[in-house]
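Step one of this worksheet: look at the structure below.
The analysis underlying the following values was restricted to heavy atoms, covering all of them including side chains, and did not include hydrogens, waters or symmetry mates.
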Amino acid sequence: MGLLSGKKVLITGGSRGIGRSMVCKFIEEGADVAFTYRSSEEEANQLMEELSGASGKILGFRSDAGSFQDAEQLIKDVVQAFGGVDILVNNAGITKDTLLLRMSEEQWDQVIQVNLKSVFNLTKHVLRTMMKQRAGSIINISSVVGVFGNAGQANYAASKAGIIGFSKSVAKEVGSRNIRCNVLAPGFIATDMTEQLDDATKANFLSNIPLKRLADPAEVADAAVFLASDMSKYITGQVLSVCGGLNM
Ligand code: NAP
């Protein structure tokens, strides 16, 4: 029996990268998994086909995590399909990197909307269901950049730091209902997002990682399984870094 056997999971941004890895691991551990994407429909369909033979159900939804209305509808659809939501992973995220002097209002707003407002949108709408269940685990994907800051990423760092304050507050609000809320802070993970970085930035990251390599997305997914499962049932309001010891 898997660590997440019978659990009903929703993961935002599951069509690529870390989210995709989490979808695969959670299915492997026996969960029913719903995931979202915004535009990568082909990748989403491929993933559903790949996992169609698994024991758990797999469902993909096109849903913009930054939209309050989409989030409300999504939770309704997942509850209808699965009968509840035990685990929510707020993973959808984007970057629009540039130095603050050059950053447009649009670049600021887009990153805050997709990375931070999304976490409010989904968490707010899932709480009613989790409170009725008197159980739930919410995992919000931040970044080490939200802890240390990073030149050229003021918008991204602000969104990821915001996730930490939000999650610690939610943990305090709903702990008495047996709902946990934790943060995963990945370091430098090999996905499309880090592929965009220039060589100097990559070299700088690598020189500061004691384990001297990037992580595979599956290594972040392993930590997410831990925070989702009963293995972590006395852990809430915490930030777990998956960063190879990176100290920026
Ligand atoms: P990625 O490879 O670029 O994948 C991002 C995923 O999010 C895709 O499935 C994308 O779907 C989805 N997405 C983006 N905007 C969305 C929206 N508005 N609504 C719904 N889905 C949306 O990124 P990643 O590297 O896996 O990153 C995943 C998370 O980890 C992000 O929150 C990121 O900030 C965080 N993180 C990553 C790293 C790293 O080194 N990679 C480090 C620290 C933290 P579409 O293609 O359809 O848009």
Side-chain angles (χ1 to χ4, degrees), residues 4 7-82 85 87-97 106-107 109-119 121-122 125-126 139-141 143 156 159 184 186 188-198 202 214-225 228 242:
L4 301 176
K7 297 286 185 194
K8 300 159 183 86
V9 181
L10 170 59
I11 300 172
T12 66
S15 55
R16 296 186 289 111
I18 295 170
R20 187 184 198 283
S21 257
M22 291 194 288
V23 171
C24 296
K25 281 262 178 202
F26 280 42
I27 281 278
E28 213 176 283
E29 292 295 340
D32 290 334
V33 179
F35 71 93
T36 67
Y37 59 94
R38 188 171 51 175
S39 55
S40 50
E41 189 168 7
E42 206 180 309
E43 285 91 339
N45 288 337
Q46 267 170 16
L47 180 59
M48 281 191 282
E49 205 178 305
E50 210 176 285
L51 298 174
S52 59
S55 59
K57 291 182 205 140
I58 173 90
L59 283 177
F61 292 89
R62 181 195 288 272
S63 178
D64 180 356
S67 155
F68 191 72
Q69 286 80 11
D70 278 17
E72 186 173 25
Q73 187 58 48
L74 176 67
I75 299 295
K76 279 186 192 154
D77 290 343
V78 177
V79 169
Q80 190 170 32
F82 290 169
V85 182
I87 295 147
L88 166 67
V89 186
N90 283 307
N91 166 74
I94 56 168
T95 49
K96 299 273 173 204
D97 296 352
E106 196 186 3
Q107 286 170 319
D109 286 346
Q110 281 178 353
V111 168
I112 298 296
Q113 172 126 10
V114 176
N115 294 8
L116 181 58
K117 185 165 181 251
S118 63
V119 178
N121 293 339
L122 272 299
H125 290 304
V126 86
I139 301 164
N140 295 326
I141 308 301
S143 165
Y156 183 77
S159 71
L184 269 184
F188 191 14
I189 320 298
T191 67
D192 295 344
M193 187 177 272
T194 43
E195 193 53 41
Q196 297 167 19
L197 296 173
D198 60 63
K202 283 185 195 171
L214 276 70
D216 186 281
E219 293 172 303
V220 181
D222 284 337
V225 168
V242 184

task: Applying side chain to side chain contact (heavy atoms under 4.5 Å, CB included), name anything that partners Thr12, two or more places apart in sequence or on another chain.
output: Thr36, Asn90, Asn91, Ala92, Leu122

task: Please lay out, stage by stage, how Gln110 and Glu106 fare under the test side-chain contact (heavy atoms from CB on, under 4.5 Å).
output: CA-CA 6 Å; Gln110 281 178 353; Glu106 196 186 3; 3.3 Å; yes

field: side chain to side chain contact (heavy atoms under 4.5 Å, CB included) involving Asp77 - partner list, sequence neighbours excluded
entry: Phe61, Gln73

- prompt: What's the verdict on side-chain contact (heavy atoms from CB on, under 4.5 Å) for His125 and Phe68, showing C-alpha distance, side-chain angles and the deciding distance?
  reply: CA-CA 9 Å; His125 290 304; Phe68 191 72; 3.4 Å; yes

message: Testing Ile141, Val33, Leu184, Ile18 one by one against Val89 for a side chain to side chain contact (heavy atoms under 4.5 Å, CB included), which residue passes?
response: Ile141

field: Least distance between heavy atoms, Lys7 atom then Ile87 atom
entry: CB-CD1, 3.8 Å

task: Specify the closest pair of heavy atoms between Asn121 and Ala65, including all atoms of both residues, with the distance to one decimal.
output: ND2-O, 3.0 Å

Shortest non-hydrogen separation from Ala34 to Phe82 and the atoms involved: N-CE1, 3.5 Å

- prompt: Which atoms form the tightest heavy-atom contact between Tyr156 and Ile94, and what is the distance?
  reply: CD1-O, 3.4 Å

4.5 Å side-chain heavy-atom contact, Cys24 and Ile27: no

- request: Check Ala223 against Val242 and note the closest heavy-atom contact, atom names and distance.
  value: CB-CG2, 3.7 Å

- request: Can you see which heavy atom on Val9 is nearest to which on Ala31, and at what distance?
  value: CG2-CB, 3.7 Å

query: Do Glu41 and Gln46 have side-chain heavy atoms sitting under 4.5 Å apart?
result: no

Enumerate donor-acceptor pairs with a distance under 3.5 Å from any side-chain N or O in residues 215-222 to protein atoms, sequence neighbours excluded.
residue : atom : partner : partner atom : Å
Asp216  : OD1  : Ala218  : N            : 2.8
Glu219  : OE1  : Arg213  : NH1          : 3.1
Glu219  : OE1  : Asp216  : N            : 2.8
Glu219  : OE2  : Arg213  : NH2          : 2.9
Asp222  : OD1  : Lys25   : NZ           : 2.9

query: Is the backbone N or O of Asp64 less than 3.5 Å from a side-chain atom of Asp70, with the two atoms forming a donor-acceptor pair by type?
result: yes

task: Any chance you could measure Gln113, atom CD, to Ser67, atom OG, to the nearest 0.5 Å?
output: 8.0 Å

message: Any heavy-atom pair between the side chains of Arg38 and Val114 that's under 4.5 Å?
response: yes

- request: Apply the side chain to side chain contact (heavy atoms under 4.5 Å, CB included) test between Leu10 and each candidate in Val79, Asp32, Ile75; give the one that qualifies.
  value: Ile75

task: Sequence neighbours left out, what passes salt bridge (Lys or Arg N to Asp or Glu O under 4.0 Å) with Glu50? Give chain and number order.
output: Arg20

- prompt: What pairs with Glu43 under side chain to side chain contact (heavy atoms under 4.5 Å, CB included), at least two apart in sequence or on another chain?
  reply: Ser15, Arg16, Ser40

query: Quick one: CG on Leu51 to CD on Glu28, what's the gap to the nearest 0.5 Å?
result: 9.5 Å

- prompt: Taking side chain as C-beta onward, heavy atoms only, is Val111 less than 4.5 Å from Asn115?
  reply: yes

- prompt: Is there side-chain contact between Met22 and Phe35, with at least one heavy-atom pair below 4.5 Å?
  reply: no

- prompt: With sequence neighbours left out, what residues match Phe188 under ring pair (Phe, Tyr, Trp, His ring centres under 6.0 Å)?
  reply: Phe205

query: Between the main-chain N or O of Met193 and the side-chain N or O of Thr191, is there a donor-acceptor pair closer than 3.5 Å?
result: yes

message: Is it the case that atom NZ in Lys8 sees more than 12 heavy atoms from other parts of the structure closer than 6.0 Å?
response: yes

- prompt: Are side-chain heavy atoms of Gln196 and Thr95 found at a separation under 4.5 Å?
  reply: yes

